[in-house]
Amino acid sequence: MYEKLRGVVLRTVKYNDKYSVVRVYTDCYGLLSFLLPQNGGKVSRVRRALFQPLSLVEIESNILPNRDIYRLSETRCMTPLMDLYSNPIKNSIALFITDLLSQVIIEREQNAPLFSFLSSTIQLLDELDDGYANFHICFLYHLGIFIGIEPDVSTYRPNYYFDMLNGVFTGTRPIHPHFVEGEEAKALMLLSRMTFANMHHFRFNRQQRKRLLKLTVDYYALHHSSLGELKSLEVLSELFE
(Lines give C-alpha, C1' and ligand atoms only; values in the text may rest on other atoms or scores of the structure.)
Protein backbone atom coordinates (compact mmCIF):
# COMPACT_ATOMS: atom_id res chain seq x y z
CA MET A 1 0.00 0.00 0.00
CA TYR A 2 1.38 3.37 -1.02
CA GLU A 3 1.73 5.95 1.72
CA LYS A 4 2.09 9.71 1.66
CA LEU A 5 5.02 10.99 3.73
CA ARG A 6 6.55 14.35 4.49
CA GLY A 7 10.31 14.52 4.64
CA VAL A 8 13.48 16.54 5.13
CA VAL A 9 16.18 15.69 2.59
CA LEU A 10 19.55 14.95 4.16
CA ARG A 11 22.01 13.54 1.67
CA THR A 12 22.24 11.97 -1.79
CA VAL A 13 24.95 9.44 -2.65
CA LYS A 14 25.68 7.51 -5.85
CA TYR A 15 24.35 3.94 -5.81
CA ASN A 16 25.24 2.71 -9.31
CA ASP A 17 25.25 4.03 -12.88
CA LYS A 18 21.45 4.26 -12.96
CA TYR A 19 20.51 5.37 -9.46
CA SER A 20 21.54 7.47 -6.52
CA VAL A 21 20.21 6.90 -3.02
CA VAL A 22 18.64 9.86 -1.22
CA ARG A 23 18.30 9.76 2.55
CA VAL A 24 15.19 11.50 3.86
CA TYR A 25 14.06 12.07 7.44
CA THR A 26 10.32 11.40 7.34
CA ASP A 27 7.47 12.24 9.66
CA CYS A 28 6.14 8.67 9.95
CA TYR A 29 9.21 6.42 9.80
CA GLY A 30 12.21 8.54 10.65
CA LEU A 31 15.20 8.00 8.36
CA LEU A 32 14.46 6.24 5.06
CA SER A 33 16.44 5.73 1.84
CA PHE A 34 14.97 6.04 -1.65
CA LEU A 35 16.23 5.27 -5.15
CA LEU A 36 16.64 8.36 -7.31
CA PRO A 37 17.00 7.74 -11.09
CA GLN A 38 20.05 9.34 -12.74
CA ASN A 39 19.05 9.26 -16.41
CA GLY A 40 18.73 12.46 -18.40
CA GLY A 41 14.96 12.52 -18.79
CA LYS A 42 12.93 15.58 -17.84
CA VAL A 43 11.09 13.78 -15.03
CA SER A 44 14.38 12.59 -13.52
CA ARG A 45 15.90 16.09 -13.69
CA VAL A 46 12.87 17.65 -11.99
CA ARG A 47 12.86 14.98 -9.32
CA ARG A 48 16.59 15.42 -8.61
CA ALA A 49 16.07 19.16 -8.27
CA LEU A 50 13.60 18.50 -5.45
CA PHE A 51 16.19 16.62 -3.41
CA GLN A 52 18.66 19.35 -2.52
CA PRO A 53 20.00 19.25 1.07
CA LEU A 54 17.28 20.25 3.57
CA SER A 55 14.56 20.39 0.90
CA LEU A 56 11.10 19.79 2.33
CA VAL A 57 9.28 17.22 0.23
CA GLU A 58 6.09 15.20 0.05
CA ILE A 59 6.62 11.69 -1.28
CA GLU A 60 4.58 8.59 -2.00
CA SER A 61 6.13 5.19 -1.64
CA ASN A 62 5.27 1.61 -0.78
CA ILE A 63 6.91 1.19 2.63
CA LEU A 64 7.38 -2.52 3.18
CA PRO A 65 8.97 -4.15 6.23
CA ASN A 66 12.53 -5.49 6.12
CA ARG A 67 13.64 -3.29 3.24
CA ASP A 68 16.54 -0.86 3.28
CA ILE A 69 15.80 1.12 0.10
CA TYR A 70 12.44 2.11 -1.38
CA ARG A 71 11.21 3.31 -4.75
CA LEU A 72 9.56 6.68 -5.19
CA SER A 73 6.11 6.77 -6.73
CA GLU A 74 5.36 10.50 -6.50
CA THR A 75 7.42 13.46 -5.33
CA ARG A 76 6.32 17.03 -4.65
CA CYS A 77 7.74 20.09 -2.98
CA MET A 78 6.21 20.47 0.47
CA THR A 79 7.35 24.05 1.09
CA PRO A 80 9.36 26.12 -1.41
CA LEU A 81 12.60 27.47 0.01
CA MET A 82 13.14 30.73 -1.83
CA ASP A 83 16.35 32.04 -0.25
CA LEU A 84 18.14 29.07 1.31
CA TYR A 85 20.08 28.03 -1.80
CA SER A 86 20.70 31.45 -3.35
CA ASN A 87 22.00 33.15 -0.21
CA PRO A 88 25.63 32.00 0.25
CA ILE A 89 25.61 32.41 4.04
CA LYS A 90 22.33 30.56 4.51
CA ASN A 91 23.54 27.90 2.10
CA SER A 92 26.68 27.40 4.19
CA ILE A 93 24.55 27.05 7.34
CA ALA A 94 22.31 24.56 5.52
CA LEU A 95 25.28 22.46 4.41
CA PHE A 96 26.63 22.37 7.97
CA ILE A 97 23.23 21.32 9.35
CA THR A 98 22.96 18.64 6.64
CA ASP A 99 26.47 17.41 7.42
CA LEU A 100 25.66 17.13 11.12
CA LEU A 101 22.21 15.56 10.74
CA SER A 102 23.52 12.97 8.27
CA GLN A 103 25.85 11.71 10.98
CA VAL A 104 23.79 11.96 14.17
CA ILE A 105 20.48 10.69 12.73
CA ILE A 106 21.32 7.12 11.82
CA GLU A 107 18.35 4.99 12.89
CA ARG A 108 14.95 4.31 11.36
CA GLU A 109 12.73 5.48 14.18
CA GLN A 110 9.74 7.79 14.18
CA ASN A 111 10.20 10.99 16.15
CA ALA A 112 7.38 13.42 15.35
CA PRO A 113 8.70 16.26 17.58
CA LEU A 114 12.12 16.05 15.92
CA PHE A 115 10.57 16.16 12.44
CA SER A 116 8.48 19.18 13.43
CA PHE A 117 11.56 20.91 14.83
CA LEU A 118 13.60 20.28 11.68
CA SER A 119 10.91 21.33 9.21
CA SER A 120 9.98 24.50 11.12
CA THR A 121 13.57 25.67 11.68
CA ILE A 122 14.50 25.09 8.03
CA GLN A 123 11.57 27.25 6.97
CA LEU A 124 12.57 29.88 9.51
CA LEU A 125 16.14 30.04 8.19
CA ASP A 126 14.81 30.50 4.68
CA GLU A 127 12.49 33.33 5.76
CA LEU A 128 14.87 35.37 7.94
CA ASP A 129 16.14 38.58 6.37
CA ASP A 130 18.88 39.21 8.93
CA GLY A 131 19.92 38.39 12.48
CA TYR A 132 20.85 34.77 11.76
CA ALA A 133 24.57 34.84 12.66
CA ASN A 134 23.84 32.61 15.68
CA PHE A 135 21.36 30.36 13.91
CA HIS A 136 23.63 27.33 13.67
CA ILE A 137 24.62 27.54 17.35
CA CYS A 138 21.00 27.92 18.44
CA PHE A 139 20.06 25.00 16.20
CA LEU A 140 22.76 22.78 17.71
CA TYR A 141 21.66 23.47 21.28
CA HIS A 142 17.98 22.81 20.63
CA LEU A 143 18.63 19.76 18.47
CA GLY A 144 20.40 18.28 21.50
CA ILE A 145 17.11 18.44 23.40
CA PHE A 146 15.36 16.27 20.80
CA ILE A 147 18.12 13.67 20.57
CA GLY A 148 18.63 13.37 24.32
CA ILE A 149 21.94 15.12 24.96
CA GLU A 150 20.77 18.40 26.48
CA PRO A 151 23.14 19.62 29.25
CA ASP A 152 21.71 19.86 32.76
CA VAL A 153 21.94 23.63 33.20
CA SER A 154 20.14 23.45 36.55
CA THR A 155 23.50 22.38 37.99
CA TYR A 156 25.17 25.66 36.98
CA ARG A 157 26.74 27.88 39.61
CA PRO A 158 29.18 30.77 39.07
CA ASN A 159 32.77 29.55 38.71
CA TYR A 160 31.71 25.91 38.25
CA TYR A 161 33.33 23.66 35.66
CA PHE A 162 31.23 22.25 32.84
CA ASP A 163 31.80 18.51 32.65
CA MET A 164 31.23 17.84 28.94
CA LEU A 165 31.40 14.08 29.35
CA ASN A 166 28.53 13.97 31.85
CA GLY A 167 26.67 17.09 30.70
CA VAL A 168 26.62 18.76 34.13
CA PHE A 169 28.23 21.68 35.94
CA THR A 170 30.33 20.79 38.95
CA GLY A 171 32.32 22.60 41.60
CA THR A 172 35.06 19.97 41.42
CA ARG A 173 37.53 19.85 38.56
CA PRO A 174 36.77 16.67 36.54
CA ILE A 175 39.50 14.04 36.46
CA HIS A 176 39.12 13.66 32.68
CA PRO A 177 40.16 16.33 30.12
CA HIS A 178 36.68 16.99 28.68
CA PHE A 179 35.65 20.10 30.57
CA VAL A 180 35.60 23.88 30.28
CA GLU A 181 35.71 26.54 32.97
CA GLY A 182 35.39 30.28 33.58
CA GLU A 183 33.71 32.41 30.94
CA GLU A 184 33.45 29.51 28.50
CA ALA A 185 31.44 27.46 31.01
CA LYS A 186 29.18 30.45 31.60
CA ALA A 187 28.76 30.97 27.84
CA LEU A 188 27.66 27.36 27.39
CA MET A 189 25.09 27.81 30.15
CA LEU A 190 23.78 30.96 28.44
CA LEU A 191 23.08 28.95 25.29
CA SER A 192 20.16 27.40 27.15
CA ARG A 193 18.53 30.85 27.14
CA MET A 194 18.99 31.34 23.40
CA THR A 195 15.94 30.90 21.20
CA PHE A 196 15.34 31.57 17.53
CA ALA A 197 13.35 34.63 18.61
CA ASN A 198 16.10 36.21 20.72
CA MET A 199 19.31 34.81 19.15
CA HIS A 200 20.10 38.15 17.49
CA HIS A 201 20.53 39.71 20.95
CA PHE A 202 23.52 37.45 21.73
CA ARG A 203 26.53 39.44 20.64
CA PHE A 204 29.62 37.36 19.84
CA ASN A 205 32.63 38.32 17.77
CA ARG A 206 34.01 35.88 15.20
CA GLN A 207 36.46 34.22 17.59
CA GLN A 208 33.87 33.80 20.35
CA ARG A 209 31.34 32.34 17.94
CA LYS A 210 33.96 30.05 16.43
CA ARG A 211 34.97 28.79 19.87
CA LEU A 212 31.36 28.23 20.96
CA LEU A 213 30.68 26.31 17.78
CA LYS A 214 33.73 24.10 18.33
CA LEU A 215 32.83 23.41 21.95
CA THR A 216 29.28 22.49 20.99
CA VAL A 217 30.43 20.17 18.21
CA ASP A 218 32.97 18.60 20.60
CA TYR A 219 30.12 18.02 23.06
CA TYR A 220 28.12 16.29 20.33
CA ALA A 221 31.10 14.11 19.43
CA LEU A 222 31.43 12.96 23.05
CA HIS A 223 27.81 11.88 23.12
CA HIS A 224 27.47 10.59 19.56
CA SER A 225 30.09 8.04 18.55
CA SER A 226 28.82 8.21 14.96
CA LEU A 227 29.90 11.85 14.59
CA GLY A 228 33.12 12.14 12.64
CA GLU A 229 34.77 15.02 10.83
CA LEU A 230 32.43 17.78 9.69
CA LYS A 231 33.96 19.14 6.50
CA SER A 232 31.61 22.13 6.53
CA LEU A 233 32.67 23.24 10.01
CA GLU A 234 35.72 25.32 9.08
CA VAL A 235 33.88 27.22 6.33
CA LEU A 236 31.04 28.05 8.68
CA SER A 237 33.41 29.09 11.45
CA GLU A 238 34.87 31.85 9.27
CA LEU A 239 31.62 33.35 8.01
CA PHE A 240 30.51 35.84 10.65
CA GLU A 241 32.28 38.83 12.10
Side-chain angles (χ1 to χ4, degrees), residues 8 10-11 25 30-31 54 92-107 109 111 113-115 117-118 121-122 125 132-196 198-199 201-240:
V8 177
L10 297 186
R11 178 166 290 178
Y25 191 76
L31 186 63
L54 297 191
S92 295
I93 294 173
L95 291 176
F96 169 75
I97 290 175
T98 303
D99 200 3
L100 178 82
L101 292 176
S102 296
Q103 296 193 46
V104 301
I105 299 179
I106 58 175
E107 296 182 358
E109 181 178 307
N111 187 332
L114 175 57
F115 176 81
F117 168 74
L118 294 178
T121 53
I122 291 166
L125 177 59
Y132 47 81
N134 293 325
F135 186 95
H136 50 299
I137 296 174
C138 188
F139 179 90
L140 277 174
Y141 184 88
H142 289 280
L143 176 65
I145 298 172
F146 290 96
I147 62 176
I149 62 171
E150 179 187 11
D152 183 359
V153 294
S154 69
T155 58
Y156 174 79
R157 301 291 184 277
N159 301 317
Y160 267 31
Y161 300 89
F162 178 57
D163 181 340
M164 296 179 68
L165 195 60
N166 295 295
V168 297
F169 292 88
T170 174
T172 305
R173 183 187 179 98
I175 59 174
H176 56 76
H178 307 295
F179 68 89
V180 295
E181 57 186 312
E183 289 301 310
E184 288 190 341
K186 180 180 179 180
L188 289 174
M189 180 278 295
L190 290 175
L191 291 185
S192 67
R193 302 178 183 176
M194 183 185 290
T195 68
F196 292 106
N198 70 15
M199 62 184 177
H201 292 303
F202 287 74
R203 303 295 185 181
F204 303 119
N205 60 38
R206 174 182 286 183
Q207 290 305 314
Q208 289 171 327
R209 190 175 287 111
K210 183 176 181 178
R211 178 61 177 163
L212 269 178
L213 179 58
K214 183 182 185 307
L215 287 174
T216 309
V217 170
D218 287 348
Y219 180 75
Y220 265 76
L222 286 171
H223 295 271
H224 257 283
S225 58
S226 60
L227 184 61
E229 180 184 4
L230 296 172
K231 296 180 181 180
S232 56
L233 180 60
E234 188 59 34
V235 174
L236 190 60
S237 296
E238 298 300 327
L239 273 180
F240 301 102

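In this structure, Y220 contributes its side chain and L140 its backbone to a donor-acceptor pair below 3.5 Å. Remark: the backbone N or O of M189 is paired with a side-chain donor or acceptor of S192 at under 3.5 angstrom. Using a distance-only test at 3.5 Å, with no hydrogens or angles considered, no donor-acceptor pair links the side chain of Y219 to the main chain of G167. No donor-acceptor distance shorter than 3.5 angstrom exists from the side chain of D218 to the backbone of H178, with no hydrogens or angles considered.
Side-chain contact between Y25 and I105 is present, with at least one heavy-atom pair separated by less than 4.5 Å. Taking the side chain as every heavy atom from C-beta outward, Q208 and L212 never approach each other to under 4.5 Å. Contact check for K186 versus F162: no side-chain heavy atoms found under the 4.5 Å cut-off. By the 4.5 Å heavy-atom criterion applied to side chains, V217 and F96 are counted as neighbours. Looking at I147 and H224, their side chains come closer than 4.5 Å, going by heavy atoms from C-beta outward. Under the 4.5 Å side-chain criterion, counting only non-hydrogen atoms from C-beta, R193 is not in contact with H201. Between F179 and T170, the closest side-chain pair of non-hydrogen atoms is not below 4.5 Å.
Across every non-hydrogen atom of L118 and V8, the tightest pair is CB-CG2, 4.3 Å. What you find for F169 and D152 is that their closest heavy atoms are CD1-O, 3.9 Å. The shortest heavy-atom contact between H223 and M164 is NE2-O, 2.8 Å. The two atoms that bring N134 and M199 nearest to each other are ND2-O, 2.9 Å, heavy atoms only. Taking each heavy atom of Y160 and A185 in turn, the nearest pair found is O-CB, 3.7 Å.
For the atom pair CG of L100 and CG of L95, the computed distance is 12.5 Å after rounding to the nearest 0.5 Å. Distance check: L222 CG to L165 CG gives 6.0 Å after rounding to the nearest 0.5 Å. Atom-to-atom distance recorded for I97:CD1 and L143:CG is 9.0 Å, nearest 0.5 angstrom. With rounding to the nearest 0.5 angstrom, the CD atom of E150 is 4.0 Å from the CD1 atom of I145. Here the CG atom belonging to L101 is positioned 10.0 Å from the CZ atom belonging to R11, to the nearest 0.5 angstrom. Note that CG of L125 and CG of L54 are 8.5 Å apart. Values are rounded to the nearest 0.5 Å.
Partners of T121 according to the side chain to side chain contact (heavy atoms under 4.5 Å, CB included) rule, which considers only residues two or more places apart in sequence or in another chain, are F117, F135, F139, F196. When the side chain to side chain contact (heavy atoms under 4.5 Å, CB included) test is applied to N166, the partners found at least two apart in sequence or on another chain are D163, V168, H176.
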